[in-house]
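What follows is a short report on a single structure.
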Amino acid sequence: MNLEHAGHSVMRARDAEQAAVMVRNILPDVVLLDWMLPGQSGIAFARRLREDSRTRGVPIIMLTARGAESDKVAGLDAGADDYLTKPFSPRELVARIKAVLRRRSPELSEESVEIEGLKLDPVAHRVSARGKPVELGPTEFRLLHFLMTHTERVHSRAQLLDQVWGDHVFVEERTVDVHIRRLRMGLESSGHDRLVETVRGSGYRFATALL
């Protein structure tokens, strides 16, 4: 209830096996994982998530009554990004979720990002270039947000489809090229289109400085 009030969409699983089925269908932005699950433990399930290339990057927050240092080390060694000991307040949990999303998935953060005078505000859903508004479609906006929060990294078309269009969305990889072209057209008047670089044979990269 508290997470939904904070703007999150919540899925609940009673055990690790049900959670595994849910994760196969929809890749979550973050996993809250109780240590003491029926059947397979939370620690074992965390290792399963980290061993799978598809779920390796999903942030995990362990929730547990175990407060000993050795238990915390075990949780973090299993792949948890954070470790919250019961009892805890809903406000602290929401704050921890925001923190891991900021570290692991900065494109999910509500913070504005600015590079070379190009500014994107995810809350207001606005883009400006040197103070002048830039008109982008919703897909181009999400694409730009992802690229601006993952600068200087080369992303393949398949990776961009997963991250921007969503996991388990089946569209042609060449769809990415179409939206990259539209994004560049939107940024062309300010010259920021040059920040969206094509890496031949690999994909696309967002540079941090204009050439």
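The basis for the numbers below is simple: all heavy atoms, side chains too, and nothing from hydrogens, waters or symmetry mates. All figures in this text were calculated on a predicted structure; none of them were measured in a lab.
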Short N-O contact, K86 and D34, less than 4.0 angstrom: yes
Sorted by chain and number, sequence neighbours left out, ring pair (Phe, Tyr, Trp, His ring centres under 6.0 Å) with Y83 holds for none
Kindly write out the residues that satisfy salt bridge (Lys or Arg N to Asp or Glu O under 4.0 Å) with E17, not counting sequence neighbours, or none if the list is empty. R48
Test side chain to side chain contact (heavy atoms under 4.5 Å, CB included) on I97 and L3; report intermediate values, then the result. CA-CA 10 Å; I97 290 172; L3 293 178; 3.4 Å; yes
Report the hydrophobic cluster partners of V154, with the cluster defined as I, L, V, M, F, W, Y residues connected by side-chain heavy atoms closer than 4.5 angstrom, directly or transitively. V199
Please name all residues satisfying salt bridge (Lys or Arg N to Asp or Glu O under 4.0 Å) with D193, sequence neighbours left out, ordered by chain then number. none
R14 and P38, any side-chain heavy atoms less than 4.5 Å apart: no
For M148, does its backbone N or O pair with a side-chain atom of T151 as donor and acceptor, under 3.5 Å? no
Minimal heavy-atom distance between H192 and G117, with the atoms involved, is NE2-C, 3.9 Å
Do the side chains of M62 and L76 join up, straight or via other hydrophobic residues, at under 4.5 Å, putting them in one cluster? no
Would you find a donor on one side and an acceptor on the other, under 3.5 Å apart, between the side chain of E197 and the backbone of A207? no
Heavy-atom donor-acceptor pair, D81 side chain to I60 backbone, under 3.5 Å: yes
Please tabulate, for the side chains in residues 127-138, all donor-acceptor contacts under 3.5 angstrom to protein atoms that are two or more places apart in sequence or on a different chain.
| from | atom 1 | to | atom 2 | distance (Å) |
| --- | --- | --- | --- | --- |
| R130 | NH1 | S190 | O | 2.9 |

Do NZ/NE/NH1/NH2 and the carboxylate oxygens of R50 and D77 come within less than 4.0 Å? no
H155 vs Q163 side-chain heavy atoms within contact, under 4.5 Å: no
What pairs with E114 under salt bridge (Lys or Arg N to Asp or Glu O under 4.0 Å), at least two apart in sequence or on another chain? none
Within the structure provided, determine whether N2 and L93 are in side-chain contact (heavy-atom separation under 4.5 Å). no
Would you mind listing every ring-ring contact (aromatic ring centres under 6.0 Å, His included) that reaches into residues 49-73, with sequence neighbours excluded? none
Taking atom CE of M22 as the centre, does the number of heavy atoms from other residues, nucleotides or ligands within less than 6.0 Å exceed 12? yes
Would L63 and W35 satisfy side chain to side chain contact (heavy atoms under 4.5 Å, CB included), going step by step from the backbone distance to the final call? CA-CA 6 Å; L63 309 177; W35 183 302; over 6 Å; no
Pairs involving residues 172-191, ordered by first then second residue, that meet ring-ring contact (aromatic ring centres under 6.0 Å, His included) (sequence neighbours left out): W165-H179
Identify whether V178 and Y204 are in the same connected component of the hydrophobic contact network (ILVMFWY, side-chain heavy atoms under 4.5 Å). no
Not counting sequence neighbours, which residues clear ring pair (Phe, Tyr, Trp, His ring centres under 6.0 Å) with H8? List them please. none
Kindly write out the residues that satisfy salt bridge (Lys or Arg N to Asp or Glu O under 4.0 Å) with D177, not counting sequence neighbours, or none if the list is empty. R157, R174
For K98, the side-chain hydrogen bond (donor to acceptor under 3.5 Å, both in side chains) test, sequence neighbours excluded, returns none
Flag side-chain contact, heavy atom, 4.5 Å: L49 against V58: no
Report yes if some heavy atom in the side chain of L120 is under 4.5 Å from a heavy atom in the side chain of T149; otherwise report no. no
Count the heavy atoms of every other residue, nucleotide or ligand shown that sit under 6.0 Å from CE of M185, and state whether that count exceeds 12. no
Using side-chain hydrogen bond (donor to acceptor under 3.5 Å, both in side chains) as the criterion, list what pairs up with T198, not counting sequence neighbours. R184
